[in-house]
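What follows is a short report on a single structure.
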Amino acid sequence: MAGPQQQPPYLHLAEVTASQFLEIWKHFDADGNGYIEGKELENFFQELEKARKGSGMMSKSDNFGEKMKEFMQKYDKNSDGKIEMAELAQILPTEENFLLCFRQHVGSSAEFMEAWRKYDTDRSGYIEANELKGFLSDLLKKANRPYDEPKLQEYTQTILRMFDLNGDGKLGLSEMSRMEAATLTSMSWTPS
């Protein structure tokens, strides 16, 4: 059995932070297409099973194919045979879930556009890092989630790394709508 140092980053921990979640995502979404699928999915599942076994969590079946089918039925909410970022957020034990906060704050397309107009303060058509930071700060306050400046900075940078597709350091409307879609897809759980 692989020791913690041989496992993907943080998969062996009880809880993961936002930036650790992103590292795990990038590790398994090796081709960067926005999904964990095919061989990536098999690798993820094998490592997850090792981590679960190491923590004393056992599956109902010993058959790898059966376990994987059971796993996909539970977590692949849209039944496309792939794991998306929002689906992964349900699988990993996170200590906080800022995407869930986003989902609770922006529940419809109308609310999304209202948030867009409010936080694009300079009307540039983009949500820059400082505007995103204000958005996340308001989200966390509204959700009564405690945070400090370093944590807010971590969330801001993590959101940018997750959704800033062209790497320009700001989110365009299509990138923000991708963030909305990722949270709307399958966030039906509540954190502890």
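On a predicted model such as this, the values are computed, not experimentally measured, just so you know.
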- [ ] I would like to know whether D80 and Y35 meet side-chain hydrogen bond (donor to acceptor under 3.5 Å, both in side chains); could you show each step before the answer?
- [x] CA-CA 10 Å; D80 63 359; Y35 302 99; 5.3 Å; no
TODO: Take Q157 and L160 through the side chain to side chain contact (heavy atoms under 4.5 Å, CB included) test and state the conclusion after the steps.
DONE: CA-CA 5 Å; Q157 292 308 309; L160 284 173; 4.2 Å; yes
Open item on the list: Is there a side chain to side chain contact (heavy atoms under 4.5 Å, CB included) between L41 and N43? Walk through the geometry before answering.
Closed with: CA-CA 5 Å; L41 185 58; N43 292 339; over 6 Å; no
- [ ] Report the C-alpha distance between I83 and E40 in whole Å, list the side-chain angles of each, state the deciding distance to 0.1 Å, and finish with yes or no for side chain to side chain contact (heavy atoms under 4.5 Å, CB included).
- [x] CA-CA 10 Å; I83 296 295; E40 297 167 339; over 6 Å; no
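Between the side chain of D29 and the backbone N or O of N33 there is at least one donor-acceptor pair closer than 3.5 Å. With K77 contributing its side chain and K74 its backbone, the two residues share a donor-acceptor pair below 3.5 Å. With hydrogens and angles ignored, the 3.5 Å screen pairs no side-chain donor or acceptor of E49 with any backbone N or O of M68.
Residue L152 holds its CG atom at 5.5 Å from OH of Y147, rounded to the nearest 0.5 Å. Atom CG of L140 sits about 10.0 Å away from atom CZ of F135, to the nearest 0.5 Å. Expressed to the nearest 0.5 Å, how far OH of Y75 lies from CD of E84 amounts to 16.0 Å. For the atom pair D122 CG and N130 CG, the distance stands at 7.5 Å (nearest 0.5 Å). In this structure, CG on D76 lies 13.0 Å from NZ on K69, to the nearest 0.5 angstrom.
Considering every non-hydrogen atom in both D31 and E37, the closest pair reads OD2-OE2, 4.3 Å.
Taking the charged nitrogens against the carboxylate oxygens, E47 and K50 do have a contact shorter than 4.0 Å, which makes a salt bridge. Under a 4.0 Å N-O distance rule, the pair E70/K67 does not qualify as a salt bridge.
No side-chain heavy atom of Y155 sits under 4.5 Å from any side-chain heavy atom of L132. Side-chain contact between K151 and E154 is present, with at least one heavy-atom pair separated by less than 4.5 Å.
Relative orientation of the F28 and F44 rings is perpendicular, given thresholds of 30° and 60° on the angle between their planes.
Annotation: salt bridge (Lys or Arg N to Asp or Glu O under 4.0 Å) contacts involving residues 124-136, sequence neighbours excluded, comprise K133-E149.
Not counting sequence neighbours, the partners of R123 by the side-chain contact (heavy atoms from CB on, under 4.5 Å) test are D120.
Residue Y126 places its OH atom among 12 or fewer non-hydrogen atoms of other residues, nucleotides or ligands, all under 6.0 Å distant.
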